[in-house]
Amino acid sequence: MTNEVTLTIDGKQVTVPEGTLVVDAAKKIGIDIPVFCYHPKMEPVGMCRMCLVDIGRPVRDRDSGEIVLEEDGSPKIQFGWKLDTACTVPVSEGMVVEGMTEKVQQGRQEIVELLLTSHPLDCPICDKGGECPLQNLTMAHGPGESRFIYDDKINFEKNVPLGDLIWLDRERCIQCARCIRFQEEIVDDAVLEFFNRGRATDIITNSEPGFDSYWSGNTTDICPVGALTTADFRFSARPWELKNAASICSHCPVGCNMTYNTRREAKSGGDIVIKRAMPLQNEWVNELWICDKGRFAYHFSDSEARLTQPLIRKDGKLTPTSWEEALALVADQFKNAGEGLLTLVSGRLPNEDLFNLRKLTEGLGGKSGLHSYMAGGDLVAQVGLGAGSNLADLGEGDAIVVIACDLEEEAPVWWLRVKAAAERGAKLIVANPRPTKLERYATEIIRYAYGEEVEAVERVAPLSEADNLVVFFGSEGIGLETSEALAQACANLVAELGRVGQPNNGLVGVWPRANTQGAWDIGFRPGFDLAEAKVVYIAGADPVGDDPALAETIMQADFVVVQELFLTETAELADVVLPAQAQTEREGTFTSGERRVQRFYPVVQPRGEARPDFDIAAQIGAKVGLALKGRFPSLVNPELCAETPGYEGLTYQRLAEVSDQWPIVGRGDLYYGGTGYENKQGLGVQLAPSGGYKVSKVSRQDIEKPDGEVIAVPITLLYDRGGMISPSEVLHPRLPEPFILVNPQDSKLLKTTDGMVVGISINDGETSNVVVWEDERIPAGTALVPRSMGVAINRPSTFEIRIAEAAAA
Amino acid sequence: MAFLPERARVDELFKGLWITFKSMFEKPVTVQYPEVKRPVRTRFRGRHVLNRYENGLEKCIGCSLCAAACPADAIFVESSENTDDERYSPGERYASTYEINMLRCIYCGYCEDACPTEAIVLEDNYELSFTDRFEAIYTKERLLLPVPEEGKPTPQEVPPGIFTRSVPVMADPTD
Ligand code: SF4
Ligand code: SF4
Ligand code: SF4
Ligand code: SF4
Ligand code: FES
């Protein structure tokens, strides 16, 4: 237990742990000490001097060491001869802090006056105007009139693109270094720095391309002025005109809490549109941050390419039709399909939809399947994180194992939380065939060859000393079969310690989709036989897009129904295509990789005639004589919770529970924590693992190894060219051209050179063009092929490079 | 006495008629509206206009402050970015949509007060009549003043490097 210290701030007594900074102690009792450079998530630097306070300490007698008392018996307090910065001074016993005296007020006034010497009068058009700490603190503490001469203002460059996503206005910067420190301390991409000195101090980026980081958007939230703004939101609305709706990011298994800001827009024909995505505080999930994919890749919902009407195949062509006709046709085909029906889903769908789809399929006697290249969700349900886990609690004495994944690419926010845990002293074991960014913080690195994932887990030294153990497993370089073995090996690692069910202990799947874990929990499993199916019903998945070889198999089915946002490659083959609502248009729940069930809310109106997946399933159900709950997810959810193991007792009320969070963010306190939103909609509920897992030997006889001198292995990137990211044009400059990574040695073998465009064919499949990038960190004998980048790859495979073809193309 | 004398009632009648007769020779206080219109007072607040600079550029920078100040929520502004190839206003942005619902407006003039560039001004026109509700919504085209003689219509193509400020520099408001 740390020692507690009692001090007095503006006449109020407060008791806080030793080491707390005065500024935080004040915030805890609701006293505002204005800050610009201090941010509660970062180390203090004392650069802006805005937080000036008068600090007094009890006087001690030099000889006896006793506290000297005044005549009235109270301790004698000695104030410093100058003001102190509250953000750099830790509390001490008996300290007296004055923030309201004239001396302090005058000090702050002078600081504001100084900060404004060259600040432009841009508030009317500044994107920060209305939620700007500098505006607010100037109103509260400013002098009202400046002694500086207006004509002496220095004009700097405006509209400087720091990168493709972030703009800098040099005049507005107050040199607080929050952006620089965020990039260095929190996400370890030190791509920003100060340049020049004095009044000419400037923020520059030292990376190529500029501001090369997955986290750049967060700097606009914590920049206390409008110096940093996003290319997405730039000039598109004033903050006070925006409405907000709470949501959950749908791009990765972290389940970051977000607030979508919306406004009715004349340009869009009077529709309500999303103007920007902002982080919503959840200290158990994403703290105050979201990655740039979450922030900028929401444009799939407003894309012009969205399906708006049901389509049915007439004379070989997909033609628009009415829901009535489409549903009647579907129901007709489903009615007698029996065992021949296969329902295929992905982890993109919310729980309610998955539940209804499963009920419908079961009711019809059909089979269901999960389209995923990763297995192990059943094991995670058994040995997943204990309820009440928080990665922020991990530190000294705890251990984290991350295997077969590049955490920053696959689940960005986990990357920064695991990194922070390692910095707090947690033992971090990173096992991957090639170096990843997380290794900078690893206490132990296990390098293994692709294909030897299970052996790598076995190489992890016994962790029985660790107080807590969290294991993350991903899908780098592996296919479904190996994934199953890897999950089992990892589950063994967790279960051997015997702490299953305890908070901060357990297994976490770094899933390809936001709700893959939910799909497992509801009963969908990979490993189905597409060839056997007579009637195929695909919702929220694009198997043909991921593997063109499947096109033929799907075509063999008598009847194919696809429920989608876009006319995907799979949808193009379908007999009936049903337009589904995007996640932003309806409500529902997702189960994150940490098995936290979180609810999201409708943000915008549905596109065209699109309907939510759960309702479509219910409507088909009604036509085939199955009574499924439709219309509202709130009707489906109670059934889902009652019938899904582990979800018992979950209610909307529990999902909506909130508690006080530190640091304080939001409207009145945006100078302190940034412009992220305060969570009033619910923190979600972490499910308890079911336990009952028995450690058993991992069997992996039936996994074939491809032969060949160099084999292709799949990896996952954050910025790929998948259907959910490519509609966001703002991200296009950041999306790489399709590429493969090879060791220079192998490159020679393949007769390629660095930067060469070649044709690549995986397993004798279609040829697509890629750029060959040489990198000596890639293990020899493998070519890394990113998933969802135009080259279909599902597992380690043989491949062929076709140099001539690319040149021709 | 239960009634007034006859005499007194006749007196009153003539008194009244005399006033009527006298006023026949006075200058009338009414005017023959709409043929004749009385000039409005200097601080009269009638229908708004959106001003232009002499070169034809729009004064409005699409800041929405008028909409924020409006107690009747009568104004809707949507902004877009200016470029030197397509410049509407001197600053970084302009109002791509600007609408005032004259049925909601209470002619308080707060919008005029809030405007940092003196773009929206309540002028003298009080003759507003509509035959349907949509007509009462004045769009930017209806509010904008015509292009002055020496000016060019917007959008204008301007050479780069002239309009570098986010908000055009305004003369000192005290003079
Ligand atoms: S750009 Fe913003 S966050 Fe960065 S130093 Fe300037 S004011 Fe601070
Ligand atoms: S880390 Fe994942 S959940 Fe969070 S914003 Fe990024 S993509 Fe979305
Ligand atoms: S005059 Fe008053 S009510 Fe009318 S638009 Fe302006 S601010 Fe609104
Ligand atoms: S009229 Fe004035 S206050 Fe209104 S948006 Fe235009 S510049 Fe801003
Ligand atoms: S010096 Fe304390 S907040 Fe900047």
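By convention in this document, chain letters (A, B, ...) are assigned in the order of the sequence lines, proteins followed by strands, and residues within each chain are numbered from 1. These figures come from a predicted structure and were not determined experimentally.
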Q.
Given heavy-atom pairs under 4.5 angstrom as the criterion, report whether the side chain, backbone, both or neither of A:E157 touches chain B.
A. neither
Q) At a heavy-atom separation under 4.5 Å, does A:I125 approach chain B through its side chain, its backbone, both, or neither? A)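 It is both, since atoms from each part get that close.
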**Q.** Ring-face cation of A:R276 near A:F233 (centre distance under 6.0 Å, axis angle within 45°)
**A.** yes
Q. Under 6.0 Å from the six-membered ring centre of B:Y53 and within 45° of its axis: does the NZ or CZ of B:K59 meet both?
A.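 Judged by the rule, B:K59 and B:Y53 form a cation-pi pair.
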Select one option (side chain, backbone, both, neither) describing which atoms of [X] are under 4.5 Å from chain A's heavy atoms.
X	answer
B:S64	both
B:T164	backbone
B:V169	side chain

(Q) Check this for me, if you would: do A:R607 and A:E585 make a salt bridge, where the nitrogen-to-carboxylate-oxygen distance has to be below 4.0 angstrom? (A)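 No, this pair does not count.
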Q) Charged N to carboxylate O below 4.0 Å: is that the case for B:E92 and A:K158? A)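 Salt bridge flag = no for A:K158 with B:E92.
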(Q) Has A:T584 got a side-chain atom pairing as donor or acceptor with A:V603's backbone, closer than 3.5 angstrom? (A) no
